[in-house]
Amino acid sequence: MSATTTETGTTYVPAAETLGAVLAPGARPQRPSALSASITFGWRAMLKIKHVPEQLFDVTAFPIIMTLMFTYLFGGALAGSTTEYLQYLLPGIMVTSIVMITMYTGVAVNTDIEKGVFDRFRSLRIWRPAPMVGYILGDMFRYTVASLVILVVGLILGFRPGGGVVGVLAGVGLLIAFSFAFSWVWTMFGLLLRSEKSVMGVSMLVLFPLTFLSNVFVQPETMPGWLQAFVEVNPITHLVSAVRSLMGGATDTGEVTLVLISGAVLVVVFGTLTMRLYNRK
């Protein structure tokens, strides 16, 4: 310890050995693996749900309202009975509900940027994509909850999946996997846009045509030709067909393969764009 006298008094400067003993008492911790960092950020997203349970409203009340509303609104008119229509509708409503809540990934990213939390993340010695992957891992829990809620409501109303437990699990698994890939679209918008309201506005502008102009509610054959052309290339249409076939017990391998390929393309394209924006933010 050395002392320096100034006009305002005596200043004590600790020796280098003392600082070294205090600041570095042991070996430097190893850099966390990509998996460990991603799971940690995923757990952070889960803790946010724990402290603000109101966040689960959109994966509980919203799916229930959607299922009941469209079942009893269209069931009698389109299929003659609500129970019969439910066999066709429920997989589509499950897809619609879960795909629509994927936008909250982008909202969460944008909120953390506005609060300055991302500045701290960028200074950490971790795998760069870990915060983004963590957001989506946390949201996958929300997707699972929404799927279970819709399934339970459907079973109560009379839904009977021909594919049994295995078909239902396969359908839900495919839907969650696609939603994981689709969420990368919203992480990009969360980084690109200036406010969470902008993220929600753009998300709705994209999601409403994709989910409602599809085969969720009716067969595409009943639509005008120009609309059928859009519906046939709509990725949500193929996702609904794949999930519907798995739950119904008549697996459409072509549709399932197309959904998996689409999901991989979404991750590669929008995951790359997200990380480029993240590194430049």
Item to check | Basic-acidic side-chain contact under 4.0 Å: D112, R44 | outcome: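 Salt bridge between D112 and R44, a charged N being under 4.0 Å from a carboxylate O: yes.
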Please tell me whether [X] and [Y] have a donor and an acceptor in their side chains that are separated by less than 3.5 angstrom.
| X | Y | answer |
| --- | --- | --- |
| Y143 | S183 | yes |
| S241 | D252 | no |
| T251 | S245 | no |
| S36 | S33 | no |
| W186 | T102 | yes |

Checklist entry - Looking at N234 and L210, what are the two nearest heavy atoms and their distance? => result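 Nearest heavy atoms, N234 then L210: ND2-O, 2.7 Å.
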Next on the checklist: Tell me the closest heavy-atom pair linking M223 and Q228, and the distance in Å.
Outcome noted: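 Where M223 meets Q228 most closely, the heavy atoms are O-NE2, 2.7 Å.
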Checklist entry - Taking the six-membered ring for Trp, is the centroid-to-centroid distance between F217 and F70 below 6.0 Å? => result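 They qualify: ring centres under 6.0 Å apart.
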Flag yes if [X] and [Y] sit in one hydrophobic cluster, no otherwise; membership is Ile, Leu, Val, Met, Phe, Trp, Tyr, and two members link when side-chain heavy atoms are under 4.5 Å apart.
| X | Y | answer |
| --- | --- | --- |
| I126 | I39 | no |
| I65 | M103 | no |
| L35 | L137 | no |

Measure the spacing between [atom1] of [X] and [atom2] of [Y] and express it to the nearest 0.5 Å.
| X | Y | atom1 | atom2 | value |
| --- | --- | --- | --- | --- |
| L175 | S147 | CG | OG | 5.0 Å |
| L277 | T272 | CG | OG1 | 11.0 Å |
| F62 | M100 | CZ | CE | 5.0 Å |

Item to check | Reference residue V259; test side-chain contact (heavy atoms from CB on, under 4.5 Å); the match among V240, L174, V243 | outcome: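 Checked V240, L174, V243 against V259; only one passes side-chain contact (heavy atoms from CB on, under 4.5 Å): L174.
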Next on the checklist: Restricting to side-chain contact (heavy atoms from CB on, under 4.5 Å), what partner residues turn up for Q87, sequence neighbours left out?
Outcome noted: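 T83, F159, R160.
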Item to check | Side chains of T211 and V216 in contact at under 4.5 Å (non-hydrogen atoms) | outcome: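 A side-chain contact under 4.5 Å is absent here.
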Checklist entry - Would you call the rings of F182 and F178 parallel, tilted or perpendicular if under 30° counts as parallel and over 60° as perpendicular? => result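 Plane angle under 30°, so parallel.
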